[in-house]
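All remarks here apply to the structure that follows.
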Amino acid sequence: MTATVAGRSLESWITDFPLITQLQEMNELAWFNPEIAPTAAEGIADVGLTTSDIKEASARLKRFAPYIQKVFPEAAATAGIIESPLQAVPSLRQQIEARNNVRMPGALWAKLDSMLPISGSIKARGGIYEVLKHAEEIALKHELITIESDYSVLDSDEAREVFGKYRVAVGSTGNLGLSIGIMSAKLGFRASVHMSSDARQWKKDKLRSHGVEVVEYDSDYSIAVAAGRRQAEGDDSIYFVDDENSTSLFLGYAVSGHRLAGQLQAMEIEVSEENPLIVHLPCGVGGGPGGVAFGLKIEFGDAVRCVFAEPTHCPSMLLGVMTGAHDAVAVQDFGIDNVTAADGLACGRPSGFVGKAMGRLIDGYYTVSDDEMYRLVAQAYDTEGLRMEPSSATSLLGPAHVAAATDYRERIGLDDEKLARATHIAWITGGNMVPEDEMNSYIETGHNLLG
Ligand SMILES: *Cc1c(COP(=O)(O)O)cnc(C)c1O
């Protein structure tokens with residue numbers, strides 16, 4: 001632990017933000033931000049991106065749909081649009097209430113990004129979008145397509161030869177690397193994925209089987225990202241996907257807002273200030289949940305409330321937003337170790353852009369212990385047959401934290417009647433590509449902890 005953090009003594013941080021002491025103890029807790037702003041009045045203005053940016057991203061994904069459908073048979077069912085199901089999970093809700101002795105009023109749904117085609121995680125939204133955006137620029141420049149073309153022509157030796165002159169690089173704890181690597185390799189790009197020590201072996205193996213260069217680091221995610229950034233510096237043929245700062249990634253995630261609105265409408269689920277939608281999102285560096293939350297706020301305004309879930313060992317976004325120091329502080333600066341079973345969330349330093357852009361639009365944050373993640377993984381499997389990685393399971397506790405947050409609820413007028421009418425969505429961010437052995441061992445660990 002360093003004596004000073006971002007130019008201030010640790011003591012002075014703790015004096016101003018006493019919650020830091022509890023974060024350092026790595027116990028589960030929740031913090032609801034007293035400084036949230038109304039979406040329409042000020043909130044959205046912080047972001048610097050607009051509805052038309054999301055529409056542009058959505059249109060680009062539609063242009064690529066014929067190509068995606070052609071090269072990834074698993075995306076054929078949705079005609080090349082990479083989207084996930086929304087499933088009611090009433091038994092799981094009941095079981096969590098009973099076991100944890102908590103109240104979770106409202107209906108609970110699971111948004112199963114764990115089942116997204118291509119990479120089985122939320123990264124199939126932002127990661128793939130950013131690669132496609134880059135590919136489109138190159139393809140237009142080399143006149144492989146026009147904006148009106150059927151993009152399935154990009155599945156050709158001619159296109160692959162062009163893309164093969166370029167490299168895509170990224171630093172990742174695993175899932176972003178999978179998305180970027182698989183998509184890049186499919187198009188014909190050369191690809192390098194710089195993997196932090198948290199990355200699971202099977203993710204590295206899978207990428208190598210796609211011909212992706214995997215560079216392994218004995219250190220944290222930030223170091224892997226910095227290495228990727230360095231590789232790309234001064235070389236125009238290398239495109240670096242910057243998970244810590246990318247607005248393209250962010251917009252790829254944000255497209256989900258409008259699509260979710262369509263799913264809710266098809267299921268006749270009303271969303272309004274009187275019938276709130278409360279969305280719980282696992283947070284790592286922040287781009288995924290931040291982008292989704294942005295899309296939701298654009299779609300639903302203050303009728304949607306977003307809450308982020310983080311590991312007790314890595315509450316980086318909470319720390320960054322609460323202190324206002326954002327990416328100037330990392331959890332390790334405060335002696336919090338960033339060692340967690342939630343490999344998808346193990347980012348000790350939050351995004352420099354998401355906290356500033358979305359800080360006033362995210363209502364709250366809570367932390368979940370590794371043991372609790374495993375218990376939730378086991379319960380989700382037992383009650384609903386869902387298979388998810390530990391990172392994803394963190395979102396399932398959100399409804400209990402909201403129900404218990406008396407001050408917050410009073411502040412926003414979320415009384416008992418309103419909360420009982422709420423639709424909660426736990427965003428299940430990853431799981432389907434986890435090898436069966438590994439998934440079984442997650443579930444078994446959870447069963448052992450449940451006793
Ligand atoms: C990456 C990831 C997240 C969080 O996304 P960030 O952009 O890092 O905040 C959540 N769950 C899983 C499974 C992930 O892979």
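This chain uses plain numbering: 1 for the first residue, then up along the sequence. Counting starts at 1 for both ligands and their atoms, following the listed order.
- The shortest N/O to N/O separation between Val285 and ligand 1 falls below 3.5 Å.
- Considering backbone and side-chain N/O of Lys123, one or more are found under 3.5 Å from N/O of ligand 1.
- Inspection of the Tyr221 and Asp198 side chains reveals no N or O donor paired with an N or O acceptor under 3.5 Å.
- Side-chain polar atoms of Asp343 and Thr173 form no donor-acceptor pair below 3.5 angstrom.
- Between Arg375 and Glu372, at least one side-chain nitrogen of the basic residue sits less than 4.0 Å from a carboxylate oxygen of the acidic one, meeting the salt-bridge criterion.
- Looking at Asp371 and Ser369, their side chains never bring a donor and an acceptor atom within 3.5 Å of each other.
- Neither the backbone nor the side chain of Thr173 comes within 4.0 Å of ligand 1, counting heavy atoms alone.
- Polar contact with ligand 1: absent for Asp243 (N/O pair, distance under 3.5 Å).
- Between Gly288 and ligand 1, at least one pair of N/O atoms sits closer than 3.5 Å.
- The pair Lys123-Glu389 does not count as a salt bridge, with every side-chain nitrogen at least 4.0 angstrom from each carboxylate oxygen.
- The aromatic rings of Tyr151 and Phe64 lie perpendicular to each other, with more than 60° between the two planes, well past the 30° mark.
- Of the polar atoms of Gly287, at least one N or O is found under 3.5 Å from an N or O of ligand 1, judged by distance alone.
- Using a 4.0 Å cut-off between charged side-chain N and carboxylate O, Glu97 and Arg93 make a salt bridge.
- The parts of Thr429 lying near ligand 1 are both backbone and side chain, judged by heavy-atom distances below 4.0 Å.
- Of the polar atoms of Gly284, at least one N or O is found under 3.5 Å from an N or O of ligand 1, judged by distance alone.
- Where the criterion is an N or O separation shorter than 3.5 Å, residue side chain and backbone included, Ile122 fails it with respect to ligand 1.
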